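What follows is a short report on a single structure.
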There are 2 protein chains.
Amino acid sequence: MSEQNLLDVMIARTKLSKKQTDKQQKIVEAAIRIFAEKGYSNTSTSEIAQAAGVAEGTIFRHFGTKDNLLLSVILPFLKEWVPVMAEDVFQEIMSEEASFEDFVRALIKNRIAFIKENKEVFQVVVKEFLYNEELRKELFPHLSESIGSRLTNVLQRFQARGELADIPIDRLKRMLISFVGAQFVSRFVLLPEIQDLDEDAEVEAIVKFIMNGIGK
Amino acid sequence: MSEQNLLDVMIARTKLSKKQTDKQQKIVEAAIRIFAEKGYSNTSTSEIAQAAGVAEGTIFRHFGTKDNLLLSVILPFLKEWVPVMAEDVFQEIMSEEASFEDFVRALIKNRIAFIKENKEVFQVVVKEFLYNEELRKELFPHLSESIGSRLTNVLQRFQARGELADIPIDRLKRMLISFVGAQFVSRFVLLPEIQDLDEDAEVEAIVKFIMNGIGK
DNA sequence: TGATTTAGTGAGTAACTACTCACTTTTATA
DNA sequence: TATAAAAGTGAGTAGTTACTCACTAAATCA
């Protein structure tokens with residue numbers, strides 16, 4: 001992977017994001033589609049060029065390396081993922097006197113909507129996050145900082161209010177993230193062919209599981 | 001991937017499993033190590049040969065193709081995974097008058113022990129299951145049949161006993177598997193560097209989450 | 001022991017890989 | 001409109017890939 005700091009690339013890419021060529025966009029779209037289907041490592045630049053209706057050289061004119069093309073797919077998604085986590089859900093909900101259950105439900109619905117809008121990129125992110133150790137090691141600290149710390153605050157507040165069981169915050173956080181994450185991964189990556197049979201009911205079941213478990 | 005039926009390969013490999021050469025074993029061991037670290041697609045046969053202290057031709061003498069080598073890594077693991085799921089835990093526990101909580105605890109402890117013994121292969125299986133669509137499509141039916149149906153029986157019995165919430169079995173099953181699976185994946189694949197800080201407490205937290213959720 | 005099968009080798013190969021570069025075409029600017 | 005800059009091209013390149021095959025070494029069997 002790229003040796004330079006990912007945050008720098010992230011910022012640089014944002015500045016350039018306004019002036020994007022037609023073909024540049026076609027390349028990214030094709031890359032997303034094929035990366036999602038077969039994985040980054042199993043995709044050749046010539047295949048992307050063909051799918052995008054572009055000469056192979058054009059890819060390298062704009063993105064320099066194949067690695068950079070992957071970043072151009074993943075980073076915009078993550079850049080949107082993180083702040084939306086902050087504003088749309090956290091602030092809005094926390095200002096009111098909402099219950100933890102409401103918070104969890106709103107968070108899950110919000111994230112499902114976002115993933116649905118970016119289904120293929122989500123698939124790429126999940127697959128490469130698991131497969132590409134360098135990428136993971138580079139991105140993990142940023143994600144766990146920006147998302148994790150926010151979640152810690154929220155959980156602490158709800159635990160102080162007495163709405164949560166007396167489990168250490170870190171363990172709570174880990175279980176929450178991995179459970180919800182697993183739902184998203186199994187729904188949108190492992191079994192993407194399944195349609196929304198009953199999305200609301202599914203969300204409700206997830207919320208109930210989190211709140212009350214499955215015992216009786 | 002291989003065109004032939006995976007079950008046939010599975011059976012064929014079992015028959016041959018007795019007479020395994022020294023070098024054959026070294027190759028598999030090296031493959032497991034490197035596949036787990038960098039992923040199948042990012043590993044070359046020459047790299048495996050070098051790590052195993054073997055000529056590259058030797059790999060192809062024994063395994064024919066790189067795909068077959070991957071199967072020789074994954075299938076023995078799955079072949080052990082499935083029956084142990086049946087005997088060690090299911091039968092033993094179900095014969096007694098154990099509670100659902102006992103069952104879950106025993107199941108999780110048993111699976112953790114098995115994964116610990118086969119940590120690297122587990123990593124390979126998880127990564128390739130997500131990355132390699134053909135492999136997933138081939139293996140998924142067998143796994144969901146042998147494991148899923150057994151779990152369905154167990155859940156039905158406990159639900160009939162009134163120990164479980166009135167959630168449709170399929171949804172129960174999906175949530176249970178994805179939650180427990182997520183714990184294993186995050187523990188042994190995403191964050192393998194973390195040691196057993198307090199494994200019993202962690203297992204207990206997982207069990208409690210499943211039984212009672214995190215609400216109060 | 002001699003003969004046959006099996007294990008092991010490593011140089012060789014065709015296909016593919018990411019990437020380059022001299023060139024043409026299009027766009028922006030003066 | 002003339003000029004400079006940027007976008008786009010595709011044949012070419014050096015390196016790597018999975019895999020082959022003629023061969024030698026070791027094990028098995030008569």
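Not measured: the values here are computed from a predicted model. Per chain, numbering begins at 1; letters A, B, ... match sequence-line order.
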Starting at [atom1] of [X] and ending at [atom2] of [N], how long is that distance when rounded to a whole Å?
X	N	atom1	atom2	value
B:Q50	D:dA18	CD	P	14 Å
A:L70	C:dC19	CG	P	12 Å
B:L69	D:dT17	CG	P	15 Å
B:R61	D:dA26	CZ	C1'	13 Å
A:F60	D:dA6	CZ	P	21 Å
A:Q20	D:dA7	CD	P	11 Å
A:D22	C:dT25	CG	C1'	16 Å
B:I27	D:dA18	CD1	P	14 Å

Compare the minimum distances between each of [options] and the side chain of [X], then state the nucleotide with the smallest one.
X	options	answer
B:K23	D:dT9, C:dG8, D:dT20	C:dG8
A:A55	D:dT9, D:dA18, D:dG8	D:dT9
B:S44	D:dT9, C:dT9, D:dA18	D:dA18
A:T21	C:dA18, D:dA7, D:dT9	D:dA7

Is the shortest side-chain N to carboxylate O distance from A:R33 to A:E29 below 4.0 Å?
no
B:E47 and B:K38 ion-paired at < 4.0 Å
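Looking at B:E47 and B:K38, the cut-off is met.
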Need to verify one output field. Residue with the more 5' nearest nucleotide on DNA chain C, A:S46 or B:E56?
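The residue mapped nearer the 5' terminus is B:E56.
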With a 4.0 Å cutoff (strictly under), does any side-chain N or O of [X] reach OP1 or OP2 of [N]?
X	N	result
A:T45	C:dA18	yes
B:T58	C:dT9	yes
A:H62	D:dA7	no
B:K66	D:dA18	yes

What's B:T43 touching, base or sugar-phosphate or nothing? Going by heavy atoms closer than 4.0 Å.
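Counting heavy atoms under 4.0 Å across all strands, the contact made by B:T43 is with sugar-phosphate only.
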Does the side chain of A:T45 pick up a donor-acceptor pair with the side chain of A:E56 at under 3.5 Å?
yes
B:W81 and B:F114 aromatic ring geometry - parallel, tilted or perpendicular at 30°/60° bounds:
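Plane angle over 60°, so perpendicular.
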Using a cut-off of 6.0 Å, state whether more than 12 heavy atoms not belonging to A:Q156 lie near its atom CD.
yes
